[in-house]
S.K.: 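Dumping the structure here so I can ask a few things about it.
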Amino acid sequence: MDNDLYQQIYLLVKKIPQGRVATYGQIAAALGKPQGSRLVGWALSVCPNDVPWHRVINRKGMISITNRNLSKQEQANLLTQEGITVTEKAGNFWVDLDKHLWLGNL
DNA sequence: CGAATGACCAAGC
DNA sequence: GGCTTGGCCATTC
């Protein structure tokens, strides 16, 4: 696959500084697809290993991953290592967007 | 091409 | 941030 769409998504995700997180909708908007948030999630589902996909979460700061190889626990662990506050609740992991949401792209 | 799918989002209850 | 409904977009069958 050599679509520019992937490249842009990956480049943008790689651009997220450590200790920060971004939302799917935010990235989608940055790509010129304010409504294409689902594509971002799809793109990350096939993202290469050099992409910090764990810094990308949904609008509520909740990790709604359903990946077979990785897991919410894995992502929460990575985020915690970067100094991000992750809270576990009812088997789901949440990130404090007010403190860690990346605004450098706006 | 049409229908189904998915790591979403906003609005309504 | 708890569940449902409708709408988005690209990819896949």
Side-chain angles (χ1 to χ4, degrees):
Chain A
M1 304 293 249
D2 53 3
N3 300 321
D4 294 333
L5 186 58
Y6 301 147
Q7 298 304 319
Q8 295 193 48
I9 292 176
Y10 298 149
L11 285 174
L12 202 54
V13 174
K14 289 178 182 175
K15 216 176 106 184
I16 301 173
Q18 187 177 50
R20 291 286 170 85
V21 296
T23 68
Y24 297 99
Q26 184 180 358
I27 293 175
L31 294 175
K33 312 281 184 192
Q35 325 310 22
S37 54
R38 309 189 71 183
L39 303 213
V40 178
W42 172 84
L44 290 179
S45 71
V46 294
C47 77
N49 296 332
D50 58 320
V51 175
W53 54 271
H54 52 266
R55 294 181 188 149
V56 185
I57 55 188
N58 65 12
R59 213 21 175 139
K60 305 294 183 297
M62 177 180 171
I63 300 176
S64 47
I65 264 191
T66 61
N67 192 319
R68 47 184 180 279
N69 292 329
L70 299 166
S71 67
K72 301 174 184 176
Q73 174 65 68
E74 195 65 28
Q75 180 166 14
N77 187 26
L78 290 168
L79 291 172
T80 300
Q81 292 180 48
E82 305 206 342
I84 297 176
T85 301
V86 180
T87 304
E88 182 179 1
K89 193 158 290 205
N92 288 317
F93 293 89
W94 305 75
V95 176
D96 190 336
L97 293 179
D98 290 329
K99 293 182 179 181
H100 300 297
L101 181 60
W102 181 47
L103 302 176
N105 183 35
L106 297 179

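Below, read A as the first sequence line, B as the second, and so on, with proteins coming before strands; counting in each chain starts at 1. Worth knowing before you read on, the calculation uses all heavy atoms, side chains too, and leaves out hydrogens, waters and symmetry mates.
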S.K.: Which heavy-atom pair separates A:Leu97 from A:Gly61 by the least distance, and what is that distance?
M.R.: CD1-N, 3.5 Å

S.K.: Would you call A:Ile57 and A:Gln75 a side-chain contact if the rule is heavy atoms closer than 4.5 Å?
M.R.: yes

S.K.: Taking only the side-chain nitrogens and oxygens of A:Thr66, find out if one of them lies under 4.0 Å from OP1 or OP2 of B:dA7.
M.R.: yes

S.K.: Considering only heavy atoms, which members of residues 72-80 of chain A lie under 4.0 Å from some atom of DNA chain C?
M.R.: none

S.K.: Please state how far atom OH in A:Tyr10 lies from atom P in B:dA7, giving the value in whole angstrom units.
M.R.: 14 Å

S.K.: If you group Ile, Leu, Val, Met, Phe, Trp and Tyr by side-chain heavy-atom gaps below 4.5 Å, do A:Met62 and A:Val86 land in one group?
M.R.: no

S.K.: Assess whether one donor atom and one acceptor atom, taken from the side chain of A:Arg38 and the base of C:dC8, lie less than 3.5 Å apart.
M.R.: yes

S.K.: Rounded to the Å, how far apart are A:Lys89 NZ and C:dG2 P?
M.R.: 7 Å

S.K.: Do A:Ile63 and A:Leu79 come close enough that some side-chain heavy atom pair is under 4.5 Å?
M.R.: yes

S.K.: Tell me the closest heavy-atom pair linking A:Leu101 and A:Ala22, and the distance in Å.
M.R.: CD1-CA, 4.1 Å

S.K.: Identify all side-chain donor-acceptor contacts of residues 26-36 of chain A below 3.5 Å with residues at least two apart in sequence or on another chain.
M.R.:
residue, atom, partner, partner atom, Å
A:Gln26, OE1, A:Thr23, N, 3.4
A:Gln26, NE2, A:Trp102, O, 2.5

S.K.: Give, ordered by number, those residues of residues 14-35 of chain A having at least one heavy-atom distance below 4.0 Å to an atom of DNA chain C; if nothing qualifies, reply none.
M.R.: A:Lys33, A:Gln35

S.K.: What integer distance in Å separates A:Leu39:CG from C:dC9:P?
M.R.: 9 Å

S.K.: I'd like to know whether NZ of A:Lys14 has more than 12 heavy-atom contacts from other residues, nucleotides or ligands below 6.0 angstrom.
M.R.: yes

S.K.: Identify which nucleotide among B:dC9, B:dA7, C:dT11 has an atom closest to any side-chain atom of A:Ser37, counting heavy atoms from C-beta outward.
M.R.: B:dC9

S.K.: Quickly work out the A:Arg59 CZ to C:dG7 C1' distance and round it to whole Å.
M.R.: 17 Å

S.K.: Is the gap between the ring centers of A:Trp42 and A:Tyr6 under 6.0 Å?
M.R.: yes

S.K.: By nearest atom, which of the nucleotides C:dT11, B:dC8, B:dA7 is closest to the A:Trp42 side chain?
M.R.: C:dT11

S.K.: For A:Met62 and B:dA10, give me the distance from atom CE to atom P, rounded to whole Å.
M.R.: 16 Å

S.K.: Does A:Tyr6 put a side-chain nitrogen or oxygen below 4.0 Å from OP1 or OP2 of C:dA10?
M.R.: no

S.K.: Between A:Phe93 and A:Ala76, what is the shortest heavy-atom contact and its length?
M.R.: CD2-CB, 3.3 Å

